[in-house]
Participant: 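Would you mind keeping the following structure in view while I ask a few things?
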Amino acid sequence: MVKTHMAGVLSAVKKVRGGVKVHHHKNTAESEVVRMPAPAKVVIPMQQHIGAPCEPVVQVGDTVAVGQLIGDTDKFVSAPIHSSVSGVVTAIGDIKMPNGTLSKAVTIESDGEMRLWEGIEPPHVETKEDLIKAVRTSGLVGLGGAGFPTHIKLNFPADKNIDTLVVNAAECEPFITVDYRECMENSWDILSGVYLLKDLLGFKQVIIAVEDNKPEAFKVLKSIADHSLDKHDEVKLMVLESKYPQGAEKMMVQSATGRRVPPGKLPADVGCVVMNVASVAFIARYLKTGKPLVSRSLTVDGSAIAEPKNVRVPVGTSISEIIDFCGGFSKDPCKILTGGPMMGLAIVGTDLPVLKQNNAILAFAHDDAVLKPESDCIRCGRCATACPMSLMPTNIVRAAKTKDVSMLKTAGVNVCMECGSCAFACPAGKPLVQHMRLAKAILREEGNK
Amino acid sequence: MVNGKKLVVSASPHLRSTQTTTRIMLDVILSLIPALIAAIFIFGPRVIPVTAVSVSSAVLAEYVSRKVMKRHQTIGDLSAVVTGLILALNLPVSIPYWIAAVGSIVAIVVVKQFFGGIGQNFANPAITARIVLLLSFGPQMGNWVTPLSWKTAVTTSATPLAVGYGNAGAPSLTDMFLGLRGGCLGETCALALILGGVYLIARKVISPAIPLTYIGTVALIMLIAGKGDLGFVAYQIMGGGLLLGAFFMATDYSTCPIKVRGKIIFGIGCGIITSLIRLFASMTEAVSFAILLMNLLVPFIDRATIPKPFGTPKKEKKAKEAAEK
C-alpha cells in the first residue's frame, strides 16, 4: 500500500512480482525543459519506429518547412516522418543508425527560421476513425522509448472489448525525468488528451499510473482525475511502488487491472491499451494545432555531462550538438547511452541523430561505465527472483548452452522482455540479457529445423 | 569515438547491483563467527588450529586443483574459506589435524572441483566430506570431548542423542541452548547458530524457507514421536547437527532448489529423513545423510518447480501438463 494522504487514489490491483530496486538518480527532476535553438542541420532517418521504413517523398534541393511530410509508406505497420526544421534538403542517403543497422536518411540544412509548413491545420476529428487517421498523419510513435506506431495501437477491433486506458507516467528507468516534467509543465495537454481519448475510443475507465517517487506529480494528476469532465468517476489516479520495471507495458496492465497479458499476446487481448503520458499529451496538442511529431523532450544526464538538464530538440538533431548545449563533457566519457541505463542502447559515437523515440542521452565517465567483473554462476537464484515475467534465467542459459529446445520452450524464453532485472541482480556479474537474446536466437534457429 | 577515445559499447543493462559472490561469502563467514567463538569457549583453544588447518587446506586444495585443471583461480571468491570453516565446525575438537586436511581436500577437490567448481557441485561439499571422514575414520570422528574440560583435564563424553532424552547424564535444555554438551565443535551452541542463521536471513543471503521447513518438520514429527513432550522436541532440535545443517548446509545455493516452492519440498524431505533416521536407525549422523540424499533429488525438484511464464492461462497450464506427460 503506497500512502499518499489523498482520498480516492488507487493502489496496484495486483502488485508486480520480482523486479529490482535501482537508484533513481532523478537529478534533473526540477529542471524545466529548455528549448534548444534550431541546429544548423538535421539528419532524419526513415526508420524511427517499429515496422516498415518510410520512403523519402522529397528530393535533394527541395525547400521544406517544419511539419512538412518528408517520408511515408503504404505499408501498414509504419508512421510518416516530417521535417523538424525549415530549410533545404541537401542529401538523401544511407546512414549508420545507433543500433548498427543502415537506414536511409534525409539531411536538411536549416535556414534558422523554423518556418511552419503552410499546409498545417488542426485535423477535423469527430469519430474514432477520424482520430485514428489523425494520429497516423501526425507521425506519432510510442514516446516512452518503444516507438510503436500509435495509430495501430489505438485502432483496435470492436470485438476486443477494450475497456481500460492506462496512462503510463511511471518512468521507472533511472535518470529519465521528461515524463515527470510533462506532468508538471503540460498538465493541460494531458488532461485534454485523457478525456478526448476516453470519449472517442469509448474506454470505460482510465487509470493514470505514476510511481511513488514523484509526489509532486500526484496533485497534478489527481486534479486531472477529479476534473468535472469525469462525471462518472471513471478516471482515476493510481500510485505504484517505485520498482523497476514498473513502467513496462505488461507490468502496468497487471498493476492497473490485475490482468496478466498471456505469453505472445498484447495488452489489447486483455482489454487494455497502455499509452505513455507524453504520447497522450501530444495527441491533444496535435488535435489543437495540427503540428506533427517533429520535436521531443529528452533528459541529458550522467556523470560525464557538465550541465545535466531536460531539453526539447528537433528530431534529427545530432547528439553531439545536444551534449554541447548541456555544457559538453565535464569528464572523458566512457559510455554513452540513448535511453535509460537498464534498457538503453550504448552508442559508438555522438555523430548520430536523435530519433522520435529517444527519451534520454546519458554519458558516463569511466567509474560508472565499468561493471562488475564476470565470475561463475553460483546458482543463487537471484535472477529468478528478480524476473518480473517469472522466468528462470539460470535455467535458460544452461538450456541454451546445450541447445535444449524443449527446455527453452518450457522456460518461456520468448516472454523475456530484456528488462535487465536479472543481470542487475546477478552477484556473479553474468551478462544475462545477452544470454537471453542468444537463447531466443537459438530457439528460433533450432525451432525452424 | 569521442575526443579520440573509444567508447564502451556493451549490451544492456548498464547498471549492476553491488552484491557480489565474495560479499555473499563474507556474510556467511560473519554468520559463523558466533558459533566459532562459542566453540573456543566450550572446547578450548585447540578449535583455532583445527579451523586454521581446515580452512587453509581448503584454499590450498582449490588453488592447486584449479591450477592443475588449467582453470581460472577462484579462491578470491572466498567460497573455499566458507567450505573449510563449515567443515571445521562439523568436526570434533580432538580431530587429528591431518584428518581435517583430508576432509577439506575431499570437499574441495572431489565434490566441488571435479564437477566444475562453484555452482556445479552435486552435493554439499562439507556434508559429503564429513560423511567420508565418518566412514573412513570412525573412532577419531566419534571422539567427543566433554565441554569445558579443556580448562582442567580433557575427558570424553557422549553426545546428547546417544545418551537419550531424560536419561542419566543427559544435558539440560539450558546447557544445550548454550552449547555445553558433547558433539562437533560448531554444532553445540544453539544460541550462536540461531543468531548466525537470523543474520543470514536478515541479510537476504538465504531464504527462511529451508531452515523453517526443515526444523519445523523435525519438530512436528518429534512432537508426535515424543507424545507431546515439548522438552523432547527441544532436545531433538538442539541435538545433533540439525541447527548447523538447517541454517548453513542445507541452504548451500548449488545444492538446494532455486524456487521457494522447491525449497519447501527440500526442507520437508530433509526433515522427514532426519527424523526417520534418528527414530528408527542406530546412527547419530541423521542430518548429514538426510541432506546428502535430498541434494541428489534437487535436479528433479527443480524440474518439477519451474514456474509457468508470466500470464500463462490456468487452463493452458493444465493442457500443457497433459501434453508433456
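First the proteins, then the strands, lettered A, B, ... as listed; each starts at 1.
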Participant: Most heavy-atom pairs under 4.5 angstrom with chain B, which of A:Gln254, A:His366, A:Lys21, A:His23?
Facilitator: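 Answer, by heavy-atom pair count under 4.5 Å with chain B: A:Gln254.
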Participant: Can you say whether A:Ala423 sits under 4.5 Å from chain B via the side chain, the backbone, both, or neither, judging by heavy atoms?
Facilitator: both
Participant: Tell me, for A:Phe329 versus chain B, whether the close heavy atoms (under 4.5 Å) come from the side chain, the backbone, both or neither.
Facilitator: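 For A:Phe329, side-chain heavy atoms alone lie under 4.5 Å from chain B.
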Participant: Counting only heavy atoms closer than 4.5 Å, note whether A:Ser421 contacts chain B via side chain, backbone, both or neither.
Facilitator: neither
Participant: Quick check on the interface: out of A:Arg382, A:Met407, A:Glu418, who has the most heavy-atom pairs with chain B under 4.5 Å?
Facilitator: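 Winner by heavy-atom pair count: A:Arg382.
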Participant: Counting only non-hydrogen atoms closer than 4.5 Å, does A:Cys377 touch chain B with its backbone (N, CA, C, O), its side chain (CB onward), both, or neither?
Facilitator: backbone
Participant: For the residue pair B:Pro13 and A:Val433, what are the closest heavy atoms and their distance?
Facilitator: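 Answer, listing the atom of B:Pro13 first, then A:Val433: CD-CG2, 3.6 Å.
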Participant: A:Asp351 versus chain B, heavy atoms under 4.5 Å apart: side chain, backbone, both or neither?
Facilitator: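 Answer is neither: A:Asp351 stays 4.5 Å or more from chain B.
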Participant: Answer with side chain, backbone, both or neither: which region of A:Val415 has an atom nearer than 4.5 Å to a non-hydrogen atom of chain B?
Facilitator: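 Side chain of A:Val415 only, per the 4.5 Å heavy-atom cut-off to chain B.
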Participant: If you count every heavy atom of other residues, nucleotides or ligands that lies below 6.0 Å from A:Asp368 atom CG, does the total exceed 12?
Facilitator: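 Yes - once you tally the heavy atoms of other residues, nucleotides and ligands closer than 6.0 Å, there are more than 12.
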Participant: Looking only at heavy atoms and a cut-off of under 4.5 Å, which of A:Gly349, A:Pro341, A:Gly381 has the most pairs with chain B?
Facilitator: A:Pro341
Participant: Would you say B:Thr74 and A:Ser375 make side-chain contact, with heavy atoms under 4.5 Å?
Facilitator: no
Participant: Give the member of A:Arg17, A:Lys265, A:Arg398 that has the highest number of heavy-atom pairs under 4.5 Å with chain B.
Facilitator: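 Top count of heavy-atom pairs under 4.5 Å with chain B: A:Arg398.
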Participant: Take a 6.0 Å sphere around CZ of A:Arg437 and say whether it holds more than 12 heavy atoms from other residues, nucleotides or ligands.
Facilitator: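 Yes, because the 6.0 Å sphere around CZ of A:Arg437 holds more than 12 heavy atoms from other groups.
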Participant: Can you name the closest pair of heavy atoms from A:Pro388 and B:Phe310 and give their distance?
Facilitator: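 Closest approach of A:Pro388 to B:Phe310: O-CD1, 3.6 Å.
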Participant: Looking only at side chains, do B:Arg303 and A:Thr410 share a donor and an acceptor under 3.5 Å apart?
Facilitator: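 A:Thr410 and B:Arg303 do not have a side-chain donor-acceptor pair below 3.5 Å.
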Participant: Could you check whether any side-chain heavy atom of B:Asp77 comes within less than 4.5 Å of a side-chain heavy atom of A:Ile378, counting everything from C-beta outward?
Facilitator: no
Participant: For a quick test of reading the model, state the closest non-hydrogen atom pair linking A:Pro174 to B:Leu15 and the distance between them.
Facilitator: CG-CD1, 3.8 Å
Participant: Please classify the contact between A:Leu432 and chain B as side chain, backbone, both or neither, with a heavy-atom cut-off of under 4.5 Å.
Facilitator: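 For A:Leu432, no heavy atom lies under 4.5 Å from chain B.
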Participant: Could you tell me which of A:Met343, A:Arg379, A:Met392, A:Arg260 has the largest number of non-hydrogen atom pairs under 4.5 Å with chain B?
Facilitator: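 It is A:Arg379.
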Participant: Once rounded to the nearest 0.5 Å, what's the spacing between atom NZ of A:Lys372 and atom OG1 of B:Thr21?
Facilitator: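 The distance works out to 8.0 Å.
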Participant: Give, as side chain, backbone, both or neither, the part of A:Met417 having an atom under 4.5 angstrom from any heavy atom of chain B.
Facilitator: neither
Participant: Step through the shown structure and confirm whether more than 12 heavy atoms of other residues, nucleotides or ligands are within 6.0 Å of CZ on A:Phe325.
Facilitator: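 It does: A:Phe325 CZ has more than 12 such atoms within range.
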Participant: Count the heavy atoms of every other residue, nucleotide or ligand shown that sit under 6.0 Å from CZ of A:Arg259, and state whether that count exceeds 12.
Facilitator: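 Yes, because the 6.0 Å sphere around CZ of A:Arg259 holds more than 12 heavy atoms from other groups.
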Participant: Indicate the atoms forming the closest heavy-atom contact of B:Ala11 with A:Gln434, along with that distance.
Facilitator: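 Result for this residue pair: CB-CG, 3.4 Å.
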Participant: Verify the neighbour count for atom CZ of B:Arg71: are there more than 12 heavy atoms of other residues, nucleotides or ligands below 6.0 Å?
Facilitator: yes
Participant: With a 4.5 Å limit on heavy-atom distance, are the side chains of A:Asp376 and B:His72 in contact?
Facilitator: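 Result yes, sub-4.5 Å side-chain heavy-atom pair found.
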Participant: Do the non-hydrogen side-chain atoms of A:Thr385 and B:Lys204 ever get within less than 4.5 Å of each other?
Facilitator: no
Participant: Measure across B:Val9 and A:Ile347 and return the closest heavy-atom pair with its distance rounded to 0.1 Å.
Facilitator: CG2-O, 3.7 Å
Participant: Side chains of B:Ser10 and A:Lys335, heavy atoms from C-beta outward: is any pair under 4.5 Å?
Facilitator: yes
Participant: Would you name the heavy atoms of B:Ile258 and A:Ala384 that are closest together and state the gap between them?
Facilitator: CG2-CB, 4.1 Å
Participant: Should we count CZ of B:Phe300 as having more than 12 external heavy atoms under 6.0 Å?
Facilitator: no
Participant: Taking every heavy-atom pair that is under 4.5 Å apart, which of A:Leu391, A:Leu371, A:Thr350, A:Leu362 has the most such pairs with chain B?
Facilitator: A:Leu371
Participant: Find the one option among B:Pro257, B:Cys256, B:Ser254 whose heavy-atom pairs under 4.5 Å with chain A are most numerous.
Facilitator: B:Ser254
Participant: Do you know which of B:Thr20, B:Val205, B:Asp252 has the most heavy-atom pairs with chain A at a distance under 4.5 angstrom?
Facilitator: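 It is B:Thr20.
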Participant: Which atoms of A:Cys416 come close to chain B, meaning under 4.5 Å heavy atom to heavy atom: side chain ones, backbone ones, both, or neither?
Facilitator: neither
Participant: Are side-chain heavy atoms of A:Pro427 and B:Met25 found at a separation under 4.5 Å?
Facilitator: no
Participant: Name the region of B:Ile118, side chain, backbone, both or neither, that has any atom closer than 4.5 Å to a heavy atom of chain A.
Facilitator: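 Answer is both: backbone and side chain atoms of B:Ile118 are under 4.5 Å from chain A.
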